[in-house]
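In what follows, chains are A, B, ... by sequence order, proteins preceding strands, each numbered from 1.
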2 protein chains.
Amino acid sequence: MDVQELIDRLGNQARVERFAANNLLFRRGDATRSVFGIVQGQALLRRYTVEGTALTIHRAFAGDIFAEAALFSDVYHCDGEVLAGTHVAQFPKLALQNLMQNDQVFAATFCHHMASQVQRLRSNLELRSIRSAEDRVMAALSLRLREGQSRLELNGTWKGFASEIGLTHEALYRALKRLQAGGRLTRSGRVVEI
Amino acid sequence: MDVQELIDRLGNQARVERFAANNLLFRRGDATRSVFGIVQGQALLRRYTVEGTALTIHRAFAGDIFAEAALFSDVYHCDGEVLAGTHVAQFPKLALQNLMQNDQVFAATFCHHMASQVQRLRSNLELRSIRSAEDRVMAALSLRLREGQSRLELNGTWKGFASEIGLTHEALYRALKRLQAGGRLTRSGRVVEI
DNA sequence: CGTCCGCTTGACTCAGATCAAACTTGGTGG
DNA sequence: CCACCAAGTTTGATCTGAGTCAAGCGGACG
């Protein structure tokens, strides 16, 4: 499930808004009103340490749904900020809860969505404990291959891919170069073959 | 929600089994029969790259529920192996699905559990992009503090904590030492004060 | 036509990994 | 109750590979 699907599903109960400048959607401790989604742009979820420094606990990009936990909590547990130029979809908590209660199929879909998230996040987390850049890149690419395939096209940019897997773009490009030199993959543009 | 809760809830439909030696619970492509939980010990979820090397995509420890996605898929997408001496709880997919359909409260609890997982995993992932060992340790500890508290007791060992946050235990101990020297935290045994 | 941004490569640095070893601690079983 | 073993804790020395800074290229887009 993705933002657009949820917008379609909720109809006029969903509201999409564009923020020209950086904007706080909610603060930690605020009563939870909505779950959110990014249509375009980026949002940051933050908490503050005892020492007072900001701590980013999540970065949401186009297509992502975030603050789902609002459905099950009375207050937000972090600050939510959208960056300038971002289009945000708001999904009222009550509307979502109603929908889930009255529509078993939707409830299952939503649950499925979260189970998939858990799966993806867990494997991304394991990925990060692969220290070698080359091995990490190979592993990350392998996980994105469809069963039986050996070729894939990147969704975003290589730079974006680098930050998704926790490497600087320089380290990524060098790793790719070595992998190509070693004959472990070939690529042209955003298409890779392993 | 934790394994024990699910065992209690499912009653005699849940089965707990002890494996003396390493054992494959399921293979990628097998029809999904159950969701699992660890009572004691450890399980590994694995996939294989095109090159044939094993790739750990998740490590489950005591208390963890895993392979939840089995509820929404016809086949497993990875191999599931338990290590020697592990006590595993099996939750039949059908029993769980029935429970979720007939008991709205349980369904909500289960959904809540997954939303919390997503939250935790996302922040752990963000944590990994903090390069400095000291900062990463402080951030990880801060996230484990209860609101308003400044002291906490570790659940597991420091060594376990190190691998949770993606550091070697040596790097962790050295970071802790520097943090203590810098007066940013104090600790005795498994109790820390920030 | 110019600007922005992704891409690519080079040189250098340094923090964390690795290897090694000693010491605690806790639990087990005789 | 003590001997013993396994595992966690702690510190040292060394090394390596990813980060950082820097700079040039090229394509997209207004």
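If you find the closest nucleotide of DNA chain D to B:H169 and to A:H169, the one lying nearer the 5' end belongs to B:H169. In this structure, A:K177 and B:E170 both approach DNA chain C, and ranking their closest nucleotides by distance from the 5' end singles out A:K177.
Judged by atom type and distance alone, A:R178 does not reach the base of C:dT9 through any side-chain donor-acceptor pair under 3.5 Å. The base of D:dT9 lies outside donor-acceptor range of the side chain of B:R190, with no N or O pair under 3.5 Å.
The nearest whole Å value for the distance from the CG atom in B:L176 to the P atom in D:dT11 is 10 Å.
By the 30° and 60° cut-offs, the orientation of the rings of A:Y173 relative to A:H169 is perpendicular. Taking the six-membered ring where the residue is Trp, B:Y76 and B:F26 present parallel rings, their angle staying beneath 30° rather than reaching 60°.
Comparing D:dA13, D:dA18, C:dG16 against the side chain of B:R174 picks out D:dA13 as the nearest. Among the nucleotides D:dT9, D:dA18, D:dG19, the one closest to the side chain of A:T168 is D:dG19.
B:F61 and B:I7 are not part of a single hydrophobic cluster, where members link through side-chain heavy atoms under 4.5 Å apart.
Defined by atom type and a distance below 3.5 Å, a donor-acceptor pair is present between the side-chain atoms of B:K93 and B:T32.
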Verify side chain to side chain contact (heavy atoms under 4.5 Å, CB included) between A:L25 and A:F19, making sure each step is shown before the conclusion. CA-CA 10 Å; A:L25 290 173; A:F19 291 93; 3.9 Å; yes
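The stretch residues 156-167 of chain A comes close to DNA chain C through A:T157, A:W158, A:K159, each having a heavy atom under 4.0 Å from the strand.
Side-chain contact check for A:W158 versus A:V192: some heavy-atom pair is nearer than 4.5 Å.
Taking only side-chain nitrogens and oxygens, A:R187 comes nearer than 4.0 Å to OP1 or OP2 of C:dT8.
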